[in-house]
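Heads up, the thing below is written out as structure tokens.
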Amino acid sequence: MCGIVGLVSKSLVNQTIFDALTVLQHRGQDAAGMVTCEGNQFFLRKDNGLVNSVFRTRHMKRLIGNIGIGHVRYPTAGSSSAAEAQPFYVNAPYGIALAHNGNLTNVEELAKEMREVDLRHINTTSDSEILVNILAHELQTQGKLEPTPEDIFAAVTRVHKRIKGGYAVVAVITGFGVLAFRDANGIRPLVYGLRQTDEGQEAMVASESVALDIAGFQRERDVAPGEAIFIDLDGNVHTQQCAENTKLAPCLFEQVYFARPDSVIDGINVHEARRRMGIKLAERVKAERPEHDIDVIIPIPDTSRTSALEMAEQLNVLFREGFIKNRYIGRTFIMPGQGERKKSVRRKLNPIESEFKDKVVMLVDDSIVRGTTSQQIVQMVREVGAKKIYFASAAPPVRYPNVYGIDMPSPSEFVAFDRTEQEIGEEIGVDWMIYQRLEDLKDAVSGDQSFEEYETSVFDGKYVSGDIDEAYLSAIDAKRNDASKSGDEDVQSGENAAGDLHDKIH
């Protein structure tokens with residue numbers, strides 16, 4: 001999962017892109033990058049690390065120009081080396097820099113085409129480098145010295161026909177403007193907004209609306225599935241549908257975990273969606289144990305707070321903050337082995353004894369993947385004297401791999417693998433385990449809206465792109481299991497590549 005932003009302004013864009021990346025930091029803490037353009041020259045800065053550490057004053061001074069794009073990375077396909085940080089760029093035609101959020105599912109086929117048909121060299125294992133080369137090839141075949149928006153959209157149409165998967169893309173074309181487009185199923189989010197200045201109109205595209213908010217842009221709408229948007233140097237916005245057989249099937253995990261609560265994605269207020277998740281959990285508690293004995297509901301920081309608070313209110317049970325989070329340690333998901341991850345969990349969260357001692361506690365988390373962090377937390381709560389421990393997950397059991405940009409571990413490493421909900425509860429050490437039902441989660445996210453479909457593959461094994469088979473899943477399973485990652489500290493091997501994926505900033 002990554003965060004992207006693109007901007008055409010009447011003044012320098014470096015500070016605005018920096019600010020936008022800062023509020024999108026929750027979408028990727030592994031690396032950050034920015035490309036700006038002045039005239040026909042690119043200015044690039046990218047490296048591993050958080051936004052604040054990658055962009056220092058000396059770098060910002062060199063990032064001149066009124067158009068640009070930015071990216072924060074959580075690595076999915078490829079490695080997490082600094083060389084594979086985004087954006088990527090190519091010199092011909094025109095000069096194109098590109099960044100994207102998501103994952104291409106036919107990347108091996110595309111790499112072969114690049115070498116044997118397009119005659120282009122790919123220097124990394126990143127699907128983003130393949131993507132920028134495909135876009136460059138499709139633009140170059142038109143042979144236009146100065147492409148029109150229609151020419152650019154025609155190239156994007158051909159790109160859609162070649163690539164598969166879930167993706168949201170931003171690209172800057174030197175001397176012309178910023179291009180953005182979204183996959184035909186709308187799996188990965190993309191929104192755009194406008195800002196009026198004395199000098200004229202400015203336009204921004206980003207993964208989440210919060211990036212527009214902090215820069216003073218008025219959110220216009222989400223980019224439609226398969227739609228492309230081109231912002232010329234004057235800030236004029238051109239749009240066109242460039243893909244066939246489109247449908248809106250957004251990733252449900254965005255609402256559960258990844259998105260900031262102050263964002264609006266595909267018309268859904270994330271905070272309100274999570275609040276409704278808490279209502280649905282409360283309804284399940286009432287149905288299963290109408291005479292429950294819960295004394296207190298405590299969220300596991302941070303994303304689950306909204307659901308836990310609403311759950312407590314619906315059940316007329318006390319809500320308390322019971323954990324103090326240390327925000328100044330490394331993330332658990334980059335620890336080289338399970339042993340190190342367990343130690344890090346104990347350093348990251350510390351329980352407040354008085355909130356647990358002699359109480360029946362309902363812990364609430366947004367999701368559970370591996371379950372090792374949950375086990376550690378339950379053990380800590382028992383050690384400080386909880387009478388009973390119940391556990392509620394705002395998401396259903398995660399049983400299947402994600403192929404659209406969330407690099408989860410091997411399914412055999414999921415705590416829900418081949419286990420019932422009761423068996424999961426026994427595995428993590430709780431007295432009662434409840435999960436959100438998938439239909440309830442869909443209803444909670446939708447609210448009063450209706451969607452054709454959701455991307456729910458991690459819960460039900462159904463892949464909306466229609467190109468995923470057992471051979472593909474077996475291949476990614478071989479790459480993601482802990483055994484294949486042992487000894488490689490640069491590759492993710494964390495507790496929970498979704499529910500405990502990285503330390504959230506909200």
Quiz item: Between the side chains of His26 and Tyr257, is a donor N or O closer than 3.5 angstrom to an acceptor N or O?
Solution: no
**Study point:** Gln201-Gln196 side chain donor-acceptor pair, cut-off 3.5 Å
**Key:** yes
Hey, can you pull the donor-acceptor pairs under 3.5 Å for the side chains in residues 171-181, sequence neighbours left out?
unit_1 : atom_1 : unit_2 : atom_2 : d
Thr174 : OG1    : Tyr94  : O      : 2.2
Thr174 : OG1    : Gly95  : O      : 3.4

Taking the basic N atoms (NZ, or NE/NH1/NH2) and the acidic carboxylate oxygens, is any pair closer than 4.0 Å for Lys247 and Glu453?
yes
(Q) Within the supplied structure, the quantity of interest is the number of heavy atoms (other residues, nucleotides, ligands) at a distance under 6.0 Å from Gln241 CD; does it exceed 12? (A) yes
Practice problem: Would you check if Asp47 and Phe55 make a side-chain contact, meaning some heavy-atom pair closer than 4.5 Å? | Solution: no
Worksheet item: Are Asp366 and Ser304 linked by a side-chain donor-acceptor pair shorter than 3.5 Å?
Response: no
By salt bridge (charged side-chain N to carboxylate O under 4.0 Å, His left out), Arg275 pairs with (sequence neighbours left out) Glu272, Glu310
Between Asn402 and Gly405 (side chain of the first, backbone of the second, donor and acceptor by atom type, cut-off under 3.5 Å), is there such a pair? yes
**Q.** Stepwise side chain to side chain contact (heavy atoms under 4.5 Å, CB included) check, Arg27 with Glu254
**A.** CA-CA 10 Å; Arg27 301 187 65 86; Glu254 288 278 355; 2.8 Å; yes
Given 3.5 Å as the limit, does a donor-acceptor pair link the side chain of Asp183 with the main chain of Tyr167, or not? yes
Residues passing the salt bridge (charged side-chain N to carboxylate O under 4.0 Å, His left out) test with Glu470, sequence neighbours excluded, are none
Val270 side chain reached by Asp262 side chain, heavy atoms, under 4.5 Å:
no
Across all chains, not counting sequence neighbours, the side chain to side chain donor-acceptor pair (under 3.5 Å) partners of Ser457 are Glu455
Exercise for the section: Begin with the C-alpha distance, continue with both residues' side-chain angles, and end with the deciding distance and a verdict on side chain to side chain contact (heavy atoms under 4.5 Å, CB included) for Ile122 and Arg115. Expected result: CA-CA 8 Å; Ile122 304 300; Arg115 182 178 65 255; over 6 Å; no
Side chain to side chain contact (heavy atoms under 4.5 Å, CB included) with Ile265: of Pro189, Cys251, Ser207, only one passes, and it is Pro189
Residues at least two apart in sequence or cross-chain that pass side chain to side chain contact (heavy atoms under 4.5 Å, CB included) with Ala184, listed by chain then number, are Ala243, Thr246
With side chain to side chain contact (heavy atoms under 4.5 Å, CB included) as the criterion, how do Ile163 and Ile130 come out once you've worked through the C-alpha distance, each side chain's angles and the decisive distance to 0.1 Å? CA-CA 10 Å; Ile163 66 178; Ile130 289 176; over 6 Å; no
Original post:
Is Val156 close to Gln240 at the side-chain level, that is, under 4.5 Å between some pair of heavy atoms?
Top reply: no
Note, Met277 side chain near Leu441 side chain (heavy atom, < 4.5 Å) = yes
### Message
I'd like to know if the side chain of Tyr404 pairs up with that of Ser465 as donor and acceptor (distance under 3.5 Å, no hydrogens or angles considered).
### Response
yes
| Side-chain (Arg260) to main-chain (Val210) donor-acceptor, under 3.5 angstrom | no
Counting C-beta onward and ignoring hydrogens, is there a side-chain heavy-atom pair between Met204 and Thr16 closer than 4.5 Å?
yes
Residues pairing under salt bridge (charged side-chain N to carboxylate O under 4.0 Å, His left out) where one sits in residues 11-20, two or more places apart or in two chains, turn out to be none
_Short side-chain donor-acceptor distance under 3.5 Å, His137 and Glu113_ = no
For Glu150, the side chain to side chain contact (heavy atoms under 4.5 Å, CB included) test, sequence neighbours excluded, returns Thr148
Quiz item: Side chain of Ser126, backbone of Ser128: donor and acceptor closer than 3.5 Å?
Solution: yes
- Is there a side-chain contact between Tyr472 and Val403, using heavy atoms and a 4.5 Å cut-off? yes
Side chain proximity check, Leu131 to Asp127, heavy atoms < 4.5 angstrom: no
With the side chain counted from C-beta on, respond yes when Met34 and Arg45 share a heavy-atom pair under 4.5 Å apart, and no when they do not.
no
With salt bridge (charged side-chain N to carboxylate O under 4.0 Å, His left out) as the criterion, how do Lys161 and Glu138 come out once you've worked through the C-alpha distance, each side chain's angles and the decisive distance to 0.1 Å? CA-CA 11 Å; Lys161 290 179 179 178; Glu138 297 303 339; over 6 Å; no
- Query: Strictly by modelled atom types, are Arg188 and Asn103 linked by a side-chain donor-acceptor pair under 3.5 Å?
  - Reply: no
Between Asp118 and Arg162, does any NZ, NE, NH1 or NH2 come within less than 4.0 Å of an OD or OE carboxylate oxygen? yes
Practice item. Answer yes when Asp467 and Lys164 have at least one side-chain N-carboxylate O distance shorter than 4.0 Å, and no when they do not. Key: no
Is Gln25 reaching over with its side chain to a backbone N or O of Val72, donor-acceptor style, under 3.5 angstrom? no
Is it true that a side-chain atom of Asp440 and a backbone atom of Lys280 form a donor plus acceptor pair closer than 3.5 Å? no
Worksheet entry | Chi angles and distances behind the side chain to side chain contact (heavy atoms under 4.5 Å, CB included) call for Tyr89, Val132 | CA-CA 7 Å; Tyr89 76 92; Val132 70; 5.9 Å; no
Hits for side chain to side chain donor-acceptor pair (under 3.5 Å) against Gln255, two or more places apart or cross-chain, chain-then-number order -> none
Look at the side chain of His59 and the backbone N and O of Val54, then say whether any donor-acceptor pair between them is shorter than 3.5 Å. yes
By side chain to side chain contact (heavy atoms under 4.5 Å, CB included), Ala136 pairs with (sequence neighbours left out) Val90, Pro93, Ile96, Arg120
Sorted by chain and residue number, the ring-ring contact (aromatic ring centres under 6.0 Å, His included) partners of Phe459 (sequence neighbours excluded) come out as Phe253
Check: Are the side chain of Asp30 and the backbone of Tyr74 linked by a donor-acceptor contact shorter than 3.5 Å?
Finding: no
**Message:** I'd like to know if Lys10 and Glu202 make a salt bridge, using a cut-off of under 4.0 Å between side-chain N and carboxylate O.
**Reply:** no
Hits for ring-ring contact (aromatic ring centres under 6.0 Å, His included) against Tyr435, two or more places apart or cross-chain, chain-then-number order -> none
Where the side chain of Arg274 meets the backbone of Thr306, is there a donor-acceptor pair that is under 3.5 Å apart?
no
To the nearest 0.5 Å, atom CE of Met408 lies from atom CD1 of Ile476 at 11.0 Å
Would you say Ser209's side chain and Val264's backbone share a donor-acceptor pair under 3.5 angstrom?
yes
Here the gap from Glu413 atom CD to Arg370 atom CZ, rounded to the nearest 0.5 Å, amounts to 4.5 Å
>> Between Lys112 and Glu109, does any side-chain N to carboxylate O distance fall below 4.0 Å?
In response: no
| message | If you count every heavy atom of other residues, nucleotides or ligands that lies below 6.0 Å from Glu116 atom CD, does the total exceed 12? | response | yes
- Item | Row check, Phe88 ring normal vs Lys46 NZ/CZ: under 6.0 Å, within 45° | yes
Contacts of Phe451 meeting side chain to side chain contact (heavy atoms under 4.5 Å, CB included) (sequence neighbours excluded), chain-then-number -> Leu248, Pro250, Asp266, Ile268, Ser446, Gln449, Tyr454
